[in-house]
Number of protein chains: 2
Amino acid sequence: MRATYMYGAGDVRVVDAPDPIIKEPTDAIVRVVRACVCGSDLHPYHSLAATPDGKSMGHEFVGVVEETGSDVTTVKAGDFVIAPFAWSDGTCDFCREGLQTSCRHGGFWNAGDVAGGQAEAVRVPLADGTLVAVPVEETSPLIPSLLTLSDVYGTGYHAAIKANVNPRTSVTVIGDGAVGLMAVLSAKRLGAEQIILMGRHTARTDLGREYGATDVVAERGDEGIARVRDLTGGDGTHVVLEAVGHRPAYDQAIGVVRAGGVISRVGVPQYTDAPIGFASLFLPNITLTGGPAPARAYIETLLPDVLAGNVDPGKVFDSEVALADVADGYRTMDDRTALKVLVRP
Amino acid sequence: MRATYMYGAGDVRVVDAPDPIIKEPTDAIVRVVRACVCGSDLHPYHSLAATPDGKSMGHEFVGVVEETGSDVTTVKAGDFVIAPFAWSDGTCDFCREGLQTSCRHGGFWNAGDVAGGQAEAVRVPLADGTLVAVPVEETSPLIPSLLTLSDVYGTGYHAAIKANVNPRTSVTVIGDGAVGLMAVLSAKRLGAEQIILMGRHTARTDLGREYGATDVVAERGDEGIARVRDLTGGDGTHVVLEAVGHRPAYDQAIGVVRAGGVISRVGVPQYTDAPIGFASLFLPNITLTGGPAPARAYIETLLPDVLAGNVDPGKVFDSEVALADVADGYRTMDDRTALKVLVRP
């Protein structure tokens, strides 16, 4: 089959790879219908050292089950399925608590002998715990929205859930990428009445307004902080959803959060140390939370409104490429001419 | 009157100071019955630069109201009162939310023209919002326990509340000072069944066991982390209450917290930057919370069990000095021959 590998910063290729096969009785083989490129894929795209063997890519996909191992009971050949961005057994204590990203027997795509989703097919370990079957055809117009449940919608929702967004919380969302926009949609779903989106790409912030943003702040740094404070009577917002991962976004979050409030991070941090001392977090009693979303935990919650057409998270996909052209998808996301790119094997 | 001032690291003196007078109609004058020395007083005791005018000291006291301004309605001359370690109006949005440390019109003792509690008397601003009258005599044996409601009991309770300690959470408490022991008592009150106290002063950890600690870990660093992990099936505890404030205590917290868990800090951080990146907090979805306790918010909650004698938080006071000897109190707390020192004007 054909699959995407990265060989170093900026070097994405589609190559021949062995067809995936059932290795464990709990495996399933899924033929990929749509995959996509993630904002977090841009981190190695900027920084991956030369890797002669290549690194398998992609952690978001929907597809059709082709084959299942003998122990798999919840999905069968022919089922359309959503694969969340971590695979998990669904039965351990962490999974039962809804923290599938810490599953005792699970893991992430593109690690060890588990390859990635920007490919024609994928071996899915622990298929019963991982995959969610959905009664749609692979030609359904809902496919892009269903694909957001692999990662970005669940990730935005995780940010909002961890921050306990509710009708009494004002919210700032930092970042107008797909995750930031999904954080807006999630804050709206949870009842927030003031949602300030910090971003400066008009097409994206316009979609943010459609998803529920009440205000858009294009300024950054101290100017951006001052604008958010202006919009909140000087106080900042109860909640800040940080959907970028770079250090300036963290500093921005500190600058716009109200005393007693919560900063919830879902952008993968590209820094190690940062201020958490007396003035930044401690004196104002700020809570810092977040992490990789257990996307699997949220699929059942978010799916009904997607199937009913009440929300259209799939609008974050403004571009589509054939698998052979996936390198173009990375490039256009990197130069920000594309918001999020569908990949069609 | 006589009052305590610090003139530099290690230089604590009792000096003549002007008698406090009513300046605002919302003030009260409180004659101090008992004050005490706080673990956080030891931070300037170690590091305060030479201060020729001296710095007023003390933020924990109980006493008797001597006089009130014309607007004060909730306390009157003769009332025995508890003063929390921040003064606050009790009416602003932050106070109504229970975050009196961020009161829009409040502040902390020993700042501006508000002096401290290690003195014969104190001017209390915003007396209606700040003071809590309690129906006891100033000779009551409950005085030490009531004094813990000024700070340390409320602080330990704040740590546990912010971490959402409940019967389903296991807890590690880092630090066997008075706040750490009050964190143990608070975790017990909130129903935690496993409470691991990290500390190595046997007299203190014995009191910790009396307050509810189920395990004591005397080891520090990697050894201490390994011991806590041994006690928790390898996972660490759902909650870590950090009652020290030095950087190694933060690193210890990272080492013993279970994935998906909460680190709640109430030790005043003596560091600025620390690891909060991918490996430390993000990947395992750890929440970092805490801050200065709104002690005022918890007095009504914690008071009934103190008055009924169901708990005896006052046992953290293992020493008492006359105000004239307050420097001895600092010295014995600093060299750890005293756990916590009562000061008797």
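The structure displayed is predicted, hence computed values, not measured ones. Naming: A, B, ... by sequence-line order, numbering from 1 per chain. Hydrogens, waters and symmetry mates are skipped; everything else that's a heavy atom, side chains included, is used.
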Legend entry - Choice from Leu99(B), Leu288(B), Thr101(B), Leu283(B) maximising heavy atom contacts with chain A below 4.5 Å: Leu288(B)

Legend entry - Residues of residues 247-277 of chain A with any heavy atom under 4.5 Å of a heavy atom in chain B: Tyr250(A), Arg258(A), Ala259(A), Gly260(A), Arg265(A), Val266(A), Gly267(A), Val268(A), Pro269(A), Tyr271(A), Thr272(A), Asp273(A), Ala274(A), Pro275(A), Ile276(A), Gly277(A)

Legend entry - Residue-level contacts of residues 82-95 of chain A with chain B, using a heavy-atom cutoff under 4.5 Å: Asp93(A), Phe94(A)

In Å and rounded to the nearest 0.5 Å, what is the [atom1] to [atom2] distance from [X] to [Y]?
X	Y	atom1	atom2	result
Ile196(B)	Thr232(B)	CD1	OG1	5.5 Å
Ile299(B)	Tyr153(B)	CD1	OH	12.5 Å
Thr130(A)	Gln100(A)	OG1	CD	9.0 Å
Asp230(B)	Asp215(B)	CG	CG	11.0 Å
Thr148(B)	Glu60(B)	OG1	CD	9.5 Å

Inset, instruction - Flag the pair Tyr157(A) / Leu190(A) as yes when at least one side-chain heavy-atom distance between them is below 4.5 Å, and no otherwise. - result: yes

Legend entry - Side-chain heavy-atom pair Asn164(A), Ile161(A) within 4.5 angstrom cut-off: no

Inset, instruction - Could you verify whether a donor N or O on one side chain and an acceptor N or O on the other, from His59(A) and Asp151(A), lie under 3.5 Å apart? - result: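 Side-chain D/A pair, His59(A) to Asp151(A): present.
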
Legend entry - Thr289(B)-Thr287(A) side chain donor-acceptor pair, cut-off 3.5 Å: yes

Legend entry - Asn166(B) CG: over 12 foreign heavy atoms closer than 6.0 Å: yes

Inset, instruction - Give, as side chain, backbone, both or neither, the part of Arg104(A) having an atom under 4.5 angstrom from any heavy atom of chain B. - result: side chain

Inset, instruction - Considering non-hydrogen atoms only, spot the tightest contact between Pro44(B) and Met57(B) and give its length. - result: CG-CE, 4.3 Å

Inset, instruction - Check whether Ser102(B) gets within reach of chain A through its side chain, its backbone, both or neither, counting any heavy atom under 4.5 Å. - result: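 Just the side chain, heavy atoms under 4.5 Å.
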
Inset, instruction - Against chain B, work out which of Leu281(A), Asp235(A), Ile286(A) has the most heavy-atom pairs shorter than 4.5 Å and name it. - result: Asp235(A)

